[in-house]
Asks: 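Have a look at the structure that comes next, please.
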Amino acid sequence: MPTTRNSGNAGTGTSALQRLRSLLDLLDQGAPAEAFQDVELPGAAAGPEAAAEAALIADATRVALRIRRTLGQHRRREAELAALFDTAGDLARLREPDAVLKAIVHRAKLLLGTDVTYLSLNDEEAGDTYMRVTDGSVSAAFQRVRLGMGEGLGGLVAETARPYSTGDYRDDQRFRHTSTIDTAVTEEGLRAILGVPLRLGTRVIGVLYAADRTARTFTPDEVALLSSLADHAAIAIDGARLLDETRTALVDLNAASKTIEAHSEAMRRAEDAHDRLTDLVLRGGDVTDVATAIGAVLQGGTLVHDAEGAELARAGTDPRPPSVQAVAASRAGGRAVFVDGTWVCAVLAGQEPLGSIALTGRADLDDADRRLFERASLVTALLLLLRRSVAETEDRIRGELLGDLLGRAADPAGLSARARRLGMNLGRPHAVFVLHAGAVPRPRLLAAAARSARARKGLAGLHHEDVVLVCPTDIPTGTPADIPTGTPAPGAAPGAGPAAASLAHELRQVLAGPVTVGAAGPVSGPAEFADAYAEARRCRTALRALGREGTGAALQDLGFLGVLLGDQADLGGYVRQTLGPVLAYDAKRGTDLTHTLRAYFDAGASRSRAAEALHVHVNTVVQRLDRIAGLLGRDWQRPERALELQLALRIQQVNRHDGPGPGDFAA
């Protein structure tokens with residue numbers, strides 16, 4: 001895009017608005033990264049205004065480049081998934097075995113962008129696996145190679161039914177090298193190789209490979225992508241084989257007519273169902289839509305659960321937890337299993353478990369319907385992979401914002417703008433929570449926190465090795481029963497403590513283990529989040545030190561200990577929180593229960609000595625103490641509560657001795 005050169009004069013050159021518009025145009029055009037550096041900045045001699053403009057343009061350029069990288073990642077993942085769906089549709093339409101095999105290796109080459117892709121099939125009679133189809137190969141010896149079971153990378157995949165990859169095959173000693181295999185690989189010039197099994201149920205029928213002529217490491221996403229393609233390919237190979245067998249059976253029309261009819265109908269239904277489900281996903285359908293479609297095709301109720309056992313969707317049946325044993329059996333056998341009146345099929349991406357689907361209301365499934373149900377699990381796997389990819393991208397963006405919020409970033413306005421793009425208003429009150437769960441692995445805690453953050457329209461992530469959650473909060477009045485503190489004064493905001501207690505309880509239910517939650521807030525504005533994080537972290541540490549693992553609270557819920565740990569000694573707030581109901585009662589009715597409480601403690605908790613000091617009958621003291629118990633709670637004489645009350649009384653007495661004023665602690 002043409003730009004206007006800066007002549008060094010502050011009155012000439014393009015304006016900041018024009019340069020920002022140039023950056024937006026570059027993003028819209030999908031320009032290369034180098035083009036963003038061509039947006040010109042004012043010269044150093046242009047004066048202070050031009051220098052400020054230059055800083056603004058430089059920061060905007062960095063943001064634009066970051067957005068360009070994120071958009072590029074989205075486009076790449078969407079292109080991969082679209083290609084995978086296209087592959088599933090193309091394979092479903094092919095009928096000739098050779099055409100199916102060639103389409104598989106060609107699509108694998110397009111999807112992964114490797115130099116060579118190839119496919120080997122197992123020879124059950126010879127007990128080995130042989131090269132069947134290649135794409136990108138130039139070596140005749142490589143195209144004819146045979147591998148014994150357990151030999152080389154491919155033989156090991158065929159023998160173990162597990163994916164294997166190597167960054168540099170020639171130097172990788174994990175595999176059993178033979179001169180025949182090594183010569184063929186060397187002649188082809190291959191270095192990095194990935195192989196995944198082609199499975200039908202528990203039987204491995206071959207291996208699908210992707211290879212490069214330069215050394216490199218295959219990512220988990222590439223392994224999952226090739227595994228998903230291999231699962232579709234195995235079904236297509238089996239379908240082509242079934243069709244081939246059907247054609248052979250046509251030779252004897254009288255004997256094979258019923259078999260042909262059954263096979264054709266089964267394939268037609270399977271293809272129609274697969275096309276219907278694939279089209280549903282391509283049109284943006286969610287898990288509930290897929291569950292409903294599966295139930296309609298198979299005439300039963302459908303449930304979909306994730307890998308943690310949480311229900312993702314349900315159609316036409318009552319809620320029920322997944323059978324762990326049934327899911328494990330399906331995963332081990334590679335087929336749907338029937339347990340306690342329910343058909344269950346594991347949802348996998350290669351070897352990675354993504355969840356399960358269950359079919360109710362069908363006591364029997366013939367082979368065709370069972371195969372159709374198993375195909376539905378593959379479409380469900382693709383949908384869950386897409387959902388996970390989108391969620392991971394969103395979590396990464398939210399995690400970056402969280403890190404900048406908690407790290408005292410120097411651009412509050414920029415943080416607010418980024419938050420608005422994620423649907424957050426940083427001007428609204430937010431609470432900061434720091435989590436700890438000793439018995440729960442940190443990745444599981446982080447995943448649960450991320451789910452809670454998404455439900456609350458907040459942020460979650462790691463910050464200085466802490467799992468942190470930030471979310472909007474409308475702090476309720478009152479104090480949860482699991483926070484052993486005094487009742488706050490009427491109308492006083494108890495801080496983020498109740499929300500922390502609720503979050504600790506919620507995460508305990510999800511993770512089946514205690515989670516300690518330190519909280520701070522509410523805070524408003526980007527500048528306040530860093531201090532709130534530090535306070536929440538101190539609160540989390542104090543809770544663990546006090547033996548209150550598995551609970552949630554804020555510093556103000558810890559009484560005088562919270563005052564000592566806080567950045568500012570809010571003594572007035574401490575007095576109001578501890579003695580608030582008594583102070584309010586005295587102010588409203590003109591009584592002096594506060595003086596009675598002080599005299600009672602000064603008399604060593606003796607009613608008779610307190611009565612003498614107050615010059616009243618002992619029954620009057622008893623009545624006043626009963627009233628105090630009604631205001632503060634029946635546990636007000638427990639040692640820790642009594643200590644806090646006496647400390648609050650001393651602070652209030654000192655304040656009154658100094659005379660009332662703007663800082664008076666009375667309610």
Side-chain angles (χ1 to χ4, degrees), residues 477-479 481-495 497 539 542-543 545-548 553-566 568-667:
T477 58
T479 304
D482 60 346
I483 301 180
T485 64
T487 304
C539 182
L543 286 172
L546 293 172
R548 290 176 57 180
L555 281 182
Q556 56 263 42
D557 302 314
L558 302 183
F560 69 90
L561 182 59
V563 174
L564 295 177
L565 292 174
Q568 298 178 353
D570 183 11
L571 300 179
Y574 174 69
V575 171
R576 286 190 296 273
Q577 181 174 339
T578 307
L579 292 174
V582 177
L583 296 173
Y585 187 91
D586 284 345
K588 182 176 181 180
R589 291 172 174 78
T591 58
D592 201 0
L593 293 180
T594 307
H595 182 53
T596 299
L597 186 60
R598 185 182 297 111
Y600 175 71
F601 282 127
D602 289 344
S606 168
R607 293 181 177 88
S608 58
R609 287 200 295 272
E612 292 177 4
L614 294 170
H615 306 291
V616 297
H617 194 275
V618 68
N619 289 340
T620 302
V621 173
V622 171
Q623 292 172 0
R624 292 179 182 178
L625 293 179
D626 286 342
R627 173 60 62 186
I628 290 171
L631 294 170
L632 296 180
R634 294 297 173 182
D635 64 342
W636 69 278
Q637 294 195 69
R638 284 190 297 109
E640 59 270 25
R641 288 289 308 280
L643 176 60
E644 293 192 355
L645 290 169
Q646 291 179 69
L647 179 59
L649 287 167
R650 292 296 183 189
I651 295 173
Q652 196 239 9
Q653 186 178 27
V654 169
N655 180 72
R656 284 191 171 181
H657 180 75
D658 289 340
D664 194 3
F665 301 147

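Residue numbers start at 1 and run along the sequence shown.
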Asks: For the CZ atom of Arg598 and the CG atom of Leu614, what is their distance to the nearest 0.5 Å?
Replies: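 CG of Leu614 is found 10.5 Å from CZ of Arg598.
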Asks: Looking at side-chain heavy atoms only, is the closest gap between Trp636 and Leu597 below 4.5 Å?
Replies: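 Trp636 reaches Leu597 side chain to side chain.
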Asks: For the residue pair Ala603 and Ala610, what are the closest heavy atoms and their distance?
Replies: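 The answer is CB-N, 3.7 Å.
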Asks: What's the shortest heavy-atom distance between Arg548 and Ala553, and which atoms?
Replies: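 Smallest interatomic distance, heavy atoms only, reads NH2-CB, 4.0 Å.
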Asks: Compare every heavy atom of Asp586 with every heavy atom of Asp592, then report the nearest pair and how far apart it is.
Replies: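 Distance-wise, the nearest heavy atoms are N-OD1, 3.5 Å.
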Asks: Counting only pairs under 3.5 Å, give me each side-chain donor-acceptor contact of residues 620-628, with atom names and distances, residues two or more places apart or in other chains.
Replies:
from   : atom 1 : to     : atom 2 : distance (Å)
Arg624 : NH1    : Thr596 : OG1    : 3.0

